[in-house]
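Contents: one structure, followed by commentary.
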Amino acid sequence: MSLVDLFGRVHTNLRISVTDRCNIRCFYCMPETNVQFMDRSELLTFEEITRFVRVAVPLGLRKIRLTGGEPLVRRNLDQLVAQIAGIEGIEDIGLTTNGLLLAEQAHALYAAGLRRLNVSLDALDPQKFEQITRRRGYEQVREGLKVAQQVGFSPIKINSVAIRGLSEDQLIPFGHFARETGIEVRFIEFMPLDADGGWRRDQVLSAREIVETLSRGIQPLLPVPNADPHAPATEYRFADGVGCIGVIASVTQPFCRQCDRFRITADGKLRNCLFSHEETDVRALLRNGGEDAQIAQAIRDSILAKGEGHEISSERFVQPNRPMYSIGG
Ligand code: SAM
Ligand code: SF4
């Protein structure tokens, strides 16, 4: 059985947000102060999350990514990783983290079965890091990356949000970083999912500009034939074969047609798209005696209700009322 929507897209990939809390305040995601966090009792327990995954596997779920908020602020996350890794049918588990707590948790996460890591880092200098995240912590993230490499995580990728007026001077340093460390750096176009509603189209530094800047400043970037047609990033390698760069052109070249993802928020709401305005309350089913068949039906219905695309570039676009940290990026 598979989760096919009205446009023929097959959904195999679930993003699980484990918390909306975070230890920094990236301006493109969270408000700087007075964040209204979910009450702990609202969060799905690890048992509720794993039950949901077990129900979704027979429907075709194969890949999981844990995210948030900052997933590493959820206590004992390694236990959730181990529980999910033990579910037959799950082929792949990844984690997206800001890396601040990675040095202290890397060993436990690896032991629990996690291998794929995306570490978000938007700047390679401490001042710019602080300007974007409104907190200190650059050195901690670098340390986290170092420990993760030593522990053996593979692949490790950097996620870097590209913002006009802020990121231009980071592109070439990140290009050299990718060449020196062997870590793929993926630039993500700035999307309208910030808590302050301040996104403007002219702040989007486009994937095309990024590739051109790196090609001019270091060496030509050549496209890598994409093994996974569902991967949101278009991948490039420098002409001499050293260093891999990815660009995620969510705004200028949306990949909605290939989308294979669905999401569950930390408070148990099922979402069929980052930009969706509707969600399904799966927590109510999980907590109030819902049967597995009802949960499975809720997942199928949510996928069937998925729209064709996010329409950021259309006049009709309305930013969802949950910002990124509350949805789970
Ligand atoms: N806290 C973790 C982290 O930062 O990696 C996981 C959650 S975060 C919401 C997931 C990813 O979404 C990060 O790579 C972050 O940079 C990205 N992100 C957040 N807000 C964004 C926005 N408005 N546009 C594009 N990417 C965004
Ligand atoms: Fe926190 Fe990640 Fe949002 Fe930054 S992008 S504020 S690290 S949840």
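In what follows, every heavy atom counts, from backbone to side chain, and hydrogens, waters and symmetry copies are set aside.
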For residues [X] and [Y], report the shortest heavy-atom separation together with the two atoms involved.
X: Arg75; Y: Phe46; value: O-CZ, 3.5 Å
X: Asp196; Y: Pro31; value: OD1-CA, 3.7 Å
X: Leu43; Y: Glu48; value: O-OE1, 4.1 Å
X: Cys29; Y: Met324; value: SG-CB, 3.8 Å
X: Lys306; Y: Asp5; value: CD-OD2, 4.0 Å

Next item on the list: Give the intermediate values and the outcome of salt bridge (Lys or Arg N to Asp or Glu O under 4.0 Å) for residues Glu212 and Arg208.
Entry: CA-CA 6 Å; Glu212 282 173 3; Arg208 211 192 62 189; 3.5 Å; yes
Check: Which ILVMFWY residues can you reach from Val35 by hopping between side chains whose heavy atoms are under 4.5 Å apart?
Finding: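 Once heavy-atom contacts under 4.5 Å are chained together, Val35 belongs with Met30, Phe37, Tyr325.
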Next item on the list: Side-chain contact test, heavy atoms from C-beta onward, threshold under 4.5 Å: evaluate it for Ile90 versus Arg62 and give yes or no.
Entry: no
Notebook entry, point to check: Would a 4.5 Å heavy-atom cut-off, applied to side chains only, mark Arg21 and Arg40 as touching?
Noted result: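 Yes - at least one pair of side-chain heavy atoms lies under 4.5 Å apart.
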Which distance, rounded to the nearest 0.5 Å, do you find between the [atom1] of [X] and the [atom2] of [Y]?
X: Glu47; Y: Thr45; atom1: CD; atom2: OG1; value: 5.0 Å
X: Leu124; Y: Lys128; atom1: CG; atom2: NZ; value: 11.0 Å
X: Ile303; Y: Cys273; atom1: CD1; atom2: SG; value: 10.5 Å
X: Arg201; Y: Phe317; atom1: CZ; atom2: CZ; value: 9.0 Å
X: Leu117; Y: Leu109; atom1: CG; atom2: CG; value: 7.5 Å
X: Asn13; Y: Asp260; atom1: CG; atom2: CG; value: 4.5 Å

Membership question, hydrophobic clusters at under 4.5 Å side-chain separation (ILVMFWY): are [Y] and [X] in the same one?
X: Ile312; Y: Ile210; value: no
X: Val161; Y: Tyr138; value: no
X: Val81; Y: Leu14; value: yes
X: Val10; Y: Leu59; value: no
X: Leu100; Y: Val151; value: yes

With a cut-off of 6.0 Å (strictly less than), are more than 12 heavy atoms of other residues, nucleotides or ligands near [atom1] of [X]?
X: Gln297; atom1: CD; result: yes
X: Arg287; atom1: CZ; result: yes
X: Glu308; atom1: CD; result: no

Thinking salt bridges, do [X] and [Y] make one under a 4.0 Å N-O criterion?
X: Glu209; Y: Arg164; answer: yes
X: Arg115; Y: Asp92; answer: no
X: Arg51; Y: Asp292; answer: yes
X: Arg237; Y: Glu235; answer: no

Look at the side chain of [X] and the backbone N and O of [Y], then say whether any donor-acceptor pair between them is shorter than 3.5 Å.
X: Ser17; Y: Thr19; result: yes
X: Arg65; Y: Ile16; result: no
X: Ser250; Y: Pro254; result: no
X: Asn76; Y: Gln79; result: no
X: Arg271; Y: Ser276; result: yes

Next item on the list: Show your working on salt bridge (Lys or Arg N to Asp or Glu O under 4.0 Å) between Glu143 and Lys146 and close with a plain yes or no.
Entry: CA-CA 5 Å; Glu143 181 61 19; Lys146 206 161 83 190; 3.5 Å; yes
Notebook entry, point to check: With distance as the sole criterion, is a donor-acceptor pair present between the side chains of Asp240 and Gln219 under 3.5 Å?
Noted result: yes
Checklist line | Residue pair Thr97 / Glu70, side-chain donor-acceptor N/O under 3.5 Å | finding: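 Side chains of Thr97 and Glu70: pair found under 3.5 Å.
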Next item on the list: Could I get the full list of ring-ring contact (aromatic ring centres under 6.0 Å, His included) partners for Phe255, not counting sequence neighbours?
Entry: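 None.
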Next item on the list: Please report the C-alpha distance between Asn272 and Glu279 in whole Å, then the side-chain angles of each, then the deciding distance to 0.1 Å, and finally whether the side-chain hydrogen bond (donor to acceptor under 3.5 Å, both in side chains) criterion is met.
Entry: CA-CA 8 Å; Asn272 54 28; Glu279 17 188 68; over 6 Å; no
Margin query: What verdict does the salt bridge (Lys or Arg N to Asp or Glu O under 4.0 Å) test give for Arg25 and Glu32, after you've listed the backbone C-alpha separation in whole Å, the side-chain angles of each residue and the deciding distance to 0.1 Å?
Written below: CA-CA 6 Å; Arg25 294 287 181 274; Glu32 183 164 14; over 6 Å; no
Checklist line | Given Arg15, Arg261, Arg263, the one that forms side chain to side chain contact (heavy atoms under 4.5 Å, CB included) with Leu274 | finding: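 Option passing the side chain to side chain contact (heavy atoms under 4.5 Å, CB included) with Leu274: Arg263.
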Note to self: Checking Asp122 against Tyr28 for the side-chain hydrogen bond (donor to acceptor under 3.5 Å, both in side chains) test, could you report, in this order, the C-alpha distance in whole Å, the side-chain angles of both residues, the deciding distance, and whether it holds?
What the structure shows: CA-CA 11 Å; Asp122 304 322; Tyr28 49 70; 2.5 Å; yes
